[in-house]
Every structure is written in structure tokens, then in C-alpha cells.
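Everything below concerns the one structure shown next.
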Amino acid sequence: MSLLNELRSRFATALAEYGDEVPGLLEMIRVAQDPKFGDFQANFAMSLSKKVGKPPRDIATTVCQKLDVSDLCETPEVAGPGFINLRFRDSLLAARVSSIVGDDRLGVSPVKHPRHVVVDFSSPNVAKPMHVGHLRSTVIGDAICRTLRFAGHQVTSDNHIGDWGTQFGMIIYGYRNFVNMDAYRAAPVAELARLYKLVNQLSDYHATKAKLPQLKAALEGLNQQRVALKATENADPKKYQKAENQLVKQIDSAREAVESAEKTLAVVESDEHLSSLAAAHPTIARLARDETARLHAGDASNQALWDEFLPECLKALQVIYDRLGIQFDLTLGESFYNPMLPSVVETLAEKGLARSSDGAQCVFIEGNTAPFIVQKSDGAYTYATTDLATIRYRRDELKANEILYVVDNRQSEHFQLLFSTAALWGYDDMTFRHVSFGTVMDRNGKPYKTRAGDTVGLESLIDEAINRSRPIVNENDDRREVKLLNDSERAAVAEIVAVGGIKYADLHHNRDSDYVFDWDKMLATTGDTAAAIQYAYARICGIFRKLQISRSEIADSHAHVLITCPEERALCLQLLQFEFAIENVLYEYRPHLLTAWLYETSDRFSKFYDRCSVQDAETDELRQSRLILCDLIARGLKTGLSLLGIETADVM
RNA sequence: GCGCCCGUAGCUCAGCUGGAUAGAGCAACCGCCUUCUAAGCGGUAGGUCAGUGGUUCGAAUCCACUCGGGCGCACCA
């Protein structure tokens, strides 16, 4: 049992007279916010004060008298307005740590009630290369899967790829009209990506050309509104100012829209080849949509192209996943659910949930103005339909009792409607959760793009990270009198540092917030970064290397842990909190709570390393004890990082 | 117009199911390498937690309003 749970069960006895309120009161036992207050603190006395009609300090004192923790803690202290401060006995901490020697799990036992959780993440469109926009879902989703598994849950990771949408019509159209067969044979996916981009660009061109007059008119209209508004300035200056500010904002964004439209046109028109293509394919957008429709309708030649393209696209995705070290149990894309869509709408209609509105089949959820469209007026199904079919499959076939959707927060309304619809549809016996996250921004607070304005491809992102991590590795090893790494080892370490840096930078933010992408911070060797934690791990390995002792030998030695100084004590307590960190991560699926534990652990190790010599420990026993601590810390760091999908190297 | 999210140190962020003087990392300044990797350690400085009002014994945290920023909102996924 974890330290915290042990304490809580003792308090439960002492608080028995408060009946139903006890669980809530036990929640108020927390890790102390400051070490000088002990290890844990209980904060319930103040909130009980009013109900009981006694001063909080008296309540705290009474509870302490009834509390039996003498085998665990020093005498509890009542402090301040009525806090109860608890400090574990060194002997207890030492004994607990001694009992987990050699355990990669640091004594964390599997959950008693495992759930089957499907984690839906990454989910790129296969027609275009993966880019930075897919990074967060992929990294966060993978970390959640690993952590759930570690905790003992059954996990099915599912890559719900976009392999059936409009983008395939574009590729098919592009292939039929613009393919360069030599390029296609040499590198099919690159050529398909070019075709996608080209068709998209030409469609965009025509759409923009048609839209530009409206955009200009809108801008003009806003400018006129502003002139008209000016006349009201004296009537109510405050109100005027506010309206004026808002108008100015609207005008700015309208102007931006016009400018970007003009740029879109200019790019095509300034290029002879592109503009002749545009002229030759005036209805390209509709024709591409037609290709999609034909594919969906079962057209043999389009199906044949799809069958040809898809494996190549999947292979290209796999390259990225391999480099990131990410695996899926299932890759069931939209196409997989296609045959199931009609029955989704049918059963929704049978239950009276879906009804016709403007020719589309919609589910209306109370409290939402927007409908949940499950079939468009042209008969086509939407991603809402697919998502419902997916839920049905996951419960009925996979027997899942929980689904996590690791998808960015702009889609929260969609998921709210989806979950409500699913519950009404009969899927109210399972848990749905939108694990949402913010946008990756650049230093100016804009979504992260390349200098040219394109989204950043994941492949080049990883390459760039390696370009930056390699010199760090080289420099470190070059400083040594005797080099420890050869060229290929250095390359391997650089890759571990690079990929770890990318993942850690993402995971160490609370997933809800937008986060600023910053190469320098991501691969910094100091501070709260993957490299620093990986380095702490390597330093520990260095101790064993230097002393010529193997870690497994120490782990098997049955030696005991001694606590002789605050640094050792802090390390022991930290090791015993690992379980708590895992629980916290899984409570709301927040991996940053694990990065916090990792950083805290490596930080405490650095202090220990600085002040407590292993080699020159006063006694043999203490030396053994410190070796055990080092080994356990290394295990904790390695296991913790592995739950985030981050690797370690013994030598850096 | 409707809805969701955000505003904490110079910068990037924690803390938000209310609890003791608001934390960390970078950056800045001052110290520490004959000693297991200085990618380290010790110290200093830095904040009316956007603002106003409310609830409470107690508010960065809950509620209301204001200001500032972002994102969604009927047939793209």
C-alpha cells in the first residue's frame, strides 16, 4: 500500500465518527507543500470546525489523540490554524525502500479493477505527410497508453486514420491528370503528396478567385460601418470606443483575408505552369469530390487506385512511428467503418434520435444549437457517423468499457455531441473522454509553421532535433580524456536525446495549454528537460562503471538501505511517491504530472550526488546502501521515462 | 450573436476538487571543480496571481461583471 493510502486508512479509523464525510476528509490529506511541515499534511480540521462547532485546533488535537500512526510517523503536530503535520519515521522509509530493491516498478502493484480502455490517438490523414499538428496527439496518446498498461489496465491503442475522405478524391484526380510516373515509381508517397498539394492548390485558387469580390465587399462594408459609427461618437463615448475597437479588429481580419486571398492567387498566376493548369481545370474541386463519391459508391477503378495507394501511405506513416518508437494495436481507419454507416443512421432513426432537417439527418441534443449531422443532404455520411460506428465496434466487438480521444481542443463541441448522442443511442454503460490539448505555437504566439508558411513535417522535425542533439553528445564525449563512445554510438545517443527532447517538451506542459515550440528549450541540457533527466540516469550508470560494480549484483545483494542524511531521506521518500505520481497521471490523463516526478527525482539525485559520496562512504554498509539507492533511482528514471515513450542511454 | 478556453516573475510554464509566507526552469547577479560526469551544487534578486465586486474563518483557485487574447458555431474531418 502506498504511504498516502496507508495514512488515509489510519485516519479513516480516527475519523470514524464523521460518517459519510470521511472520504472527503481523507482527500484533504496531501503531500506537504513545504518540507518544513513534514511529509504529508491533513487539512480537514478547518472545514470541520463550523459543522462541529469547535475550534479547528481542538478538532485536530482530538483526532491526533485517536490516531494510531506511531509505527509509521513521528508524533503528529498540530500547527497553524489546525493543520496536522505528519513526518514518516526514517526507519519506516528505509524499510519500505529496502523492500523494493531491484524492482523496476518501484513496488507499484497493478490496479485491482482493470478496465479495457481504447485510446484513439494520432489519427493522421494518410494522403498527406504527418506534420507538427499530429505530434501532440501522438505523443500524449502514446504516453497515456503506456501508463495505463503499466498500471495494469487492458489497453487497445487504435490509430483512427483518415483513409476515406475527400483527400483521396484529390489524390485520385491528381493521379489521373498530373502524375509523373517516374517520380511515382521512385517514391510513390512523395509524388502522391505533391499531387495532393497541387490539386488542393488549384481548387483553392478557383475558390479564392470566386470568393475575392465578396471578401473585398465585406471589407468595404466594414469600413463604411466604421464611418457611420463615427457619427455616434459623442452620444456615448464609452460605447462608441468599444464598438470602434471591435470594428477595427474585424477590419484587420477582413483585410488579412483579402491579402491572403490575393497572395493565393498571385502564387498561381505568377507561375506559368500553374496558371495554365488552373485554366485547364476550372472545376477541379468538384471533379475531385466526384472521384471521392465514386470511390465511396464502389467504383472499381477508383477502388483499385485506393488499394494501390493505401499500403504505400501506411508504409510512409510507419517510418515516422518507428522513429518515434510508437506502436498501435489497431489501425482501423474510416474506410473500415464504411460498410457500417447505413445501419448507424437507421438505428438512430428507429430510436427517434435522428430526424430530417434541411434534407440532412440530424440528431439534436438539448442545450446545443448546432445539430449533430449523421447524413448529409446528398446522402453522404459524415465523421459523426463514422465516430458512432466506431463506438459501436469498440464496445460490441472489442468489449471496451472506456474510450479516450486524444484530439485537440477545437473539437470539444463535436465530442460533446458525440458522447451525448452515444449515450442516448444506448451506449450509456461506457465512459467516453475527450483528452484535449492545445495548439503548438511559435515564439510569436502563432501556430507553428515553417518560414515559408507551411506546416512542419514530422520527418524534418526529427532530423532537425538530431542535428541539434548530435553536437551536444559529441562535445560531452570529446571532453573526456578517454572517449567512451564511437561514432555510431554517438549517433544512437543523439537520436535518443532528440526524440526524448521532442516528446518531453510536449508532455511536460499541462496538455490543456497551448505551448510554445522552442528548439533551445527542448534540447537544453539544463533544467526540466529530457536531456537533463537522461543525463542523471547516465551519471548513475557512470558511478557503477567507475566502481566496477554491476547494478544487478547490487540489486541481488539483499543489503539494507540506511538513512543517514536529509539527501538520502529525500530520495527514499521520492521513490515511494512513484505510485502516487502514476495515480495522478491517470486521474485526468495528465502526463505532465509524471514529468514533474521525474524532474523532482533527478533534482534530488543531483543534490545527493553532490553531497553524498558513494565511493568514499564512511562505512561499507553505507556504501552498499547508497549503491542501492542509486540503482533504484536509475530504475525509477528509466521506468518513468519509458512510460512517456522516452529512452535512456547508459553513457552520454 | 451563441458557446468553449486562456490572462500567474523579464521569458516559458506549474499550482486551479479553496488552506500556512504564490512555485519551478530559463535568463540576471554572487560563490563552489586536486574528490563517483560542473549537463552539477549553494546563494541573491525578481509577483497588487489582468481588474472590480461577492461567497468564506481562509480565494491565484469558487461566483458575477469588466478589460485583453485565442478558438469553435449546419452538411470538411
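The chains referred to below are lettered A, B, ... by the order of the sequence lines, with proteins before strands, and numbering in each begins at 1. These numbers come from a predicted model, not from an experiment.
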(request) Between A27(B) and A39(B), how far apart are the P atoms? Round to whole Å, please. (result) 14 Å
So does [X] get a side-chain nitrogen or oxygen closer than 4.0 Å to the phosphate oxygens (OP1/OP2) of [N]?
X	N	value
Lys249(A)	G68(B)	no
Ser412(A)	G72(B)	no
Tyr535(A)	A39(B)	yes
Arg30(A)	G19(B)	yes
Ser47(A)	C57(B)	no
Arg623(A)	C36(B)	no
His508(A)	A24(B)	no
Arg443(A)	U12(B)	no
Ser606(A)	C41(B)	yes
Gln33(A)	A20(B)	yes
Lys50(A)	C57(B)	yes
Asn510(A)	G15(B)	yes

Rounding to an integer number of Å, can you tell me how far [X] [atom1] sits from [N] [atom2]?
X	N	atom1	atom2	value
Phe605(A)	C41(B)	CZ	C1'	13 Å
Phe415(A)	A77(B)	CZ	P	14 Å
Glu588(A)	G15(B)	CD	P	10 Å
Trp519(A)	U12(B)	CH2	P	19 Å
Lys51(A)	C57(B)	NZ	C1'	13 Å
Asp518(A)	G25(B)	CG	P	17 Å
Lys521(A)	A14(B)	NZ	P	12 Å
Leu523(A)	G25(B)	CG	P	20 Å

Any donor-acceptor pair under 3.5 Å joining the side chain of [X] to the base of [N]?
X	N	value
Asn85(A)	A20(B)	yes
Ser357(A)	A74(B)	yes
Arg479(A)	U37(B)	no

(request) Check Leu627(A) against Phe544(A) and note the closest heavy-atom contact, atom names and distance. (result) O-CZ, 3.4 Å
(request) Check Ala531(A) against Thr525(A) and note the closest heavy-atom contact, atom names and distance. (result) CB-CA, 4.4 Å
(message) Syn if the chi torsion is within 90° of 0, anti otherwise; quick check, which is C33(B)?
(response) syn
With both distances kept under 3.5 Å, what pairs with [N], Watson-Crick or G-U wobble?
N	value
U35(B)	none
A14(B)	none
C2(B)	G72(B)
G53(B)	C63(B)
G42(B)	C30(B)
U48(B)	none

(request) Validate the cation-pi geometry between Arg433(A) and Tyr589(A): distance from NZ or CZ to the six-membered ring centre under 6.0 Å, angle to the ring axis within 45°. (result) no
(request) Decide yes or no for Val440(A) and Arg136(A): does some side-chain heavy atom of the first lie under 4.5 Å from some side-chain heavy atom of the second? (result) yes
(message) Quick check on RNA chain B: between Ser377(A) and Lys546(A), whose nearest nucleotide comes earlier from the 5' end?
(response) Lys546(A)
(message) Check for me: is Tyr609(A) stacked on G40(B) by the 5.5 Å centroid and 30° plane-angle rule?
(response) no
(message) Can you tell me if Tyr599(A) is stacked onto the base of A24(B), using a 5.5 Å centroid cut-off and an angle below 30°?
(response)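 Base of A24(B): not stacked against Tyr599(A).
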(message) Using the side-chain heavy atoms of Arg410(A), tell me which of these nucleotides is nearest: A20(B), C71(B), C13(B).
(response) C71(B)
(request) Applying side-chain hydrogen bond (donor to acceptor under 3.5 Å, both in side chains) between Glu567(A) and each of Lys607(A), Arg626(A), Arg611(A), report the one that passes. (result)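 It is Arg611(A); the other options fail the test.
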(message) Nearest 0.5 angstrom please: Leu632(A) CG to Thr601(A) OG1, how far?
(response) 11.5 Å
(message) Quick check against the 3.5 Å criterion: does Asn368(A) have a side-chain atom that pairs as donor or acceptor with the backbone of Ala370(A)?
(response)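 The answer is no, because no donor-acceptor pair under 3.5 Å joins these two groups.
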(message) Check this for me: Glu21(A), atom CD, are more than 12 non-hydrogen atoms of other residues, nucleotides or ligands nearer than 6.0 Å?
(response) yes
